[in-house]
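To start, the structure itself, in structure tokens.
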Amino acid sequence: MKVHVVDGTFELFRAYFAMPSAQTGDGQEVGATRGLLRSLHSLIRNHGATHIAVAFDTVVESFRNRLFDGYKTGEGIEPELFSQFPLVEEAARALGIVVWSMIEFEADDALATAAVQFGKQRSVEQIVICSPDKDLAQCVNDKVVCWDRIRDRTLDTDGVREKFGVAPASIPDYLALVGDAADGIPGVPRWGAKSAATILARYNHLEDIPPDPADWNVKIRGAAALATILGEHEAEVELYRELATLRRDVPLAESLADLRWRGADKETLTGFCRQIGYERFVDEVERYAD
């Protein structure tokens with residue numbers, strides 16, 4: 001079987017910017033919530049997902065904000081989007097899908113943990129992480145892939161190497177060097193994607209890079225300057241790698257059997273759809289639980 005684990009926060013943002021605005025009678029914006037309902041149902045109806053869970057950032061901040069003041073926060077998120085954070089979790093549950101609500105951790109941590117936890121099951125052929133987030137490329141292995149649903153592109157191990165120039169295990173080191181604007185990780189000055197990929201393709205991890213550029217057995221333009229800068233930012237780059245490394249110890253209570261989609265709860269979904277003024281969706285749902 002395949003297990004689909006979904007980046008619900010990404011799905012929410014995607015729906016907010018892609019779907020038309022819609023409001024309830026009391027002025028609550030719900031366009032993204034409706035879009036997310038359709039998207040999750042499509043995963044089941046059109047792509048045959050049988051075992052599925054979705055992870056959400058219930059709050060934007062996490063333990064990483066305590067490690068680094070510059071890490072991403074909820075500041076600047078449009079109120080019409082932010083107000084739908086609790087709604088989409090309710091929507092997914094009404095659809096009968098397991099929901100992981102993240103507060104101390106992030107949604108990506110839950111997905112990374114699920115990839116390890118359920119990937120150990122012999123009956124699982126593949127874990128499909130439904131997200132284009134580059135952080136999640138570090139989870140890819142022989143049994144785990146990342147699927148960008150927008151572009152219908154799947155990243156396996158070879159795909160990660162082709163896209164980033166490094167192995168999946170080197171992704172946190174790569175992001176520590178080049179930075180990740182989406183997460184507020186600044187990276188190391190003068191280290192770009194090409195230089196980072198070249199050095200990590202050879203040495204894999206930061207601690208394995210020789211401090212003396214004369215010992216580098218790969219050619220990188222400006223190697224001496226890059227080595228000096230890396231040495232000057234040793235503490236920072238270690239912190240950035242820690243920020244970019246996904247946790248695999250999120251306490252997920254559900255078993256593999258719990259992830260099996262048995263249908264939506266008709267009473268709950270009907271009430272929720274009435275709340276968001278989307279009653280017609282009830283008739284579109286493929287199956288309801290007994």
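These numbers were taken from a predicted model, which means no experiment stands behind them. Count residues from 1 along the sequence. Both backbone and side-chain heavy atoms feed into the values below; hydrogens, waters and symmetry mates do not.
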Going from [atom1] on [X] to [atom2] on [Y], what distance comes out if it is rounded to the nearest 0.5 angstrom?
X      : Y      : atom1 : atom2 : result
Tyr174 : Leu200 : OH    : CG    : 9.5 Å
Arg241 : Ile185 : CZ    : CD1   : 12.5 Å
Ser39  : Leu12  : OG    : CG    : 11.0 Å
Phe272 : Glu279 : CZ    : CD    : 11.5 Å
Glu61  : Glu106 : CD    : CD    : 10.0 Å
Leu206 : Leu230 : CG    : CG    : 6.5 Å

Just wondering, more than 12 heavy atoms not from [X] lying within 6.0 Å of its [atom1]?
X      : atom1 : result
Arg287 : CZ    : yes
Glu267 : CD    : no
Lys266 : NZ    : no
Asp215 : CG    : yes
Glu234 : CD    : no
Glu75  : CD    : no

Any side-chain heavy atom of [X] within less than 4.5 Å of one from [Y]?
X      : Y      : value
Leu256 : Met1   : yes
Val218 : Ile199 : yes
Glu242 : Leu67  : yes
Cys130 : Val5   : no

Please answer whether the main-chain N or O of [Y] pairs with a side-chain N or O of [X] as donor and acceptor at a distance below 3.5 Å.
X      : Y      : result
Asp133 : Leu136 : no
Thr33  : Leu87  : no
Gln84  : Ala32  : yes
Trp261 : Leu95  : yes
Trp100 : Val54  : no
Asp156 : Val145 : no
Arg247 : Thr245 : no
Thr9   : Phe56  : no
Arg64  : Leu243 : yes
Glu29  : Ser21  : no

As a quick check of understanding, evaluate salt bridge (charged side-chain N to carboxylate O under 4.0 Å, His left out) for Asp183 and Lys134, giving each step before the final call. CA-CA 11 Å; Asp183 286 342; Lys134 53 184 171 290; over 6 Å; no

In this structure, would [X] and [Y] fall into the same cluster of hydrophobic residues linked by side-chain contacts under 4.5 Å?
X      : Y      : result
Trp147 : Val144 : no
Val60  : Phe105 : no
Val88  : Met19  : no
Val140 : Val116 : no
Leu37  : Leu40  : yes

Stepwise salt bridge (charged side-chain N to carboxylate O under 4.0 Å, His left out) check, Arg151 with Asp148: CA-CA 6 Å; Arg151 300 170 182 82; Asp148 180 347; 2.7 Å; yes

Give the ring-plane orientation class for Phe281 versus Tyr278, where under 30° counts as parallel, over 60° as perpendicular and anything between as tilted.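 Plane angle under 30°, so parallel.
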
Assess whether side chain to side chain donor-acceptor pair (under 3.5 Å) is satisfied between Arg93 and Ser101, documenting all intermediate values. CA-CA 11 Å; Arg93 289 191 177 95; Ser101 303; 3.0 Å; yes

Which heavy atom of [X] sits nearest a heavy atom of [Y], and at what distance?
X      : Y      : value
Ser255 : Phe118 : C-CE2, 3.7 Å
Arg14  : Ile150 : CD-CD1, 3.2 Å
Gly119 : Ile127 : N-CD1, 3.9 Å
Ala107 : Asp57  : N-OD1, 2.8 Å
Ala110 : Met102 : CB-SD, 3.9 Å
Tyr288 : Val282 : OH-O, 2.6 Å

Report yes or no: do [X] and [Y] form a side-chain donor-acceptor pair below 3.5 Å?
X      : Y      : answer
Thr24  : Gln275 : no
Arg190 : Ser195 : no
Arg149 : Ser131 : no
Ser62  : Glu104 : no
Ser170 : Asp173 : no

Would Glu80 and Tyr16 satisfy side-chain contact (heavy atoms from CB on, under 4.5 Å), going step by step from the backbone distance to the final call? CA-CA 9 Å; Glu80 293 81 6; Tyr16 179 76; 3.8 Å; yes

Given Ile44, which of Thr50, Val285, Ile97 fulfils the side-chain contact (heavy atoms from CB on, under 4.5 Å) condition?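 Of all the options given, the one that passes is Ile97.
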
Do His51 and His4 pass the side-chain contact (heavy atoms from CB on, under 4.5 Å) test, and can you show the C-alpha distance, the side-chain angles, and the key distance before you say yes or no? CA-CA 6 Å; His51 293 72; His4 290 76; over 6 Å; no

Should Asp135 and Ile171 be marked as a side-chain contact (heavy atoms from CB on, under 4.5 Å) after you check the CA-CA gap, both sets of side-chain angles, and the distance that decides it? CA-CA 7 Å; Asp135 294 2; Ile171 289 294; 6.0 Å; no

Using the ring centroid of each side chain, check whether His233 and Tyr240 are separated by less than 6.0 Å. no

Could you walk me through whether Arg153 and Cys146 pass side-chain contact (heavy atoms from CB on, under 4.5 Å), step by step? CA-CA 8 Å; Arg153 294 178 183 170; Cys146 289; over 6 Å; no

By side-chain contact (heavy atoms from CB on, under 4.5 Å), which residues pair with Asn217, not counting sequence neighbours?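 Expected list: Arg202, Tyr203.
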
Worked check of salt bridge (charged side-chain N to carboxylate O under 4.0 Å, His left out) between Glu11 and Arg38: CA-CA 11 Å; Glu11 290 282 340; Arg38 291 197 299 273; over 6 Å; no

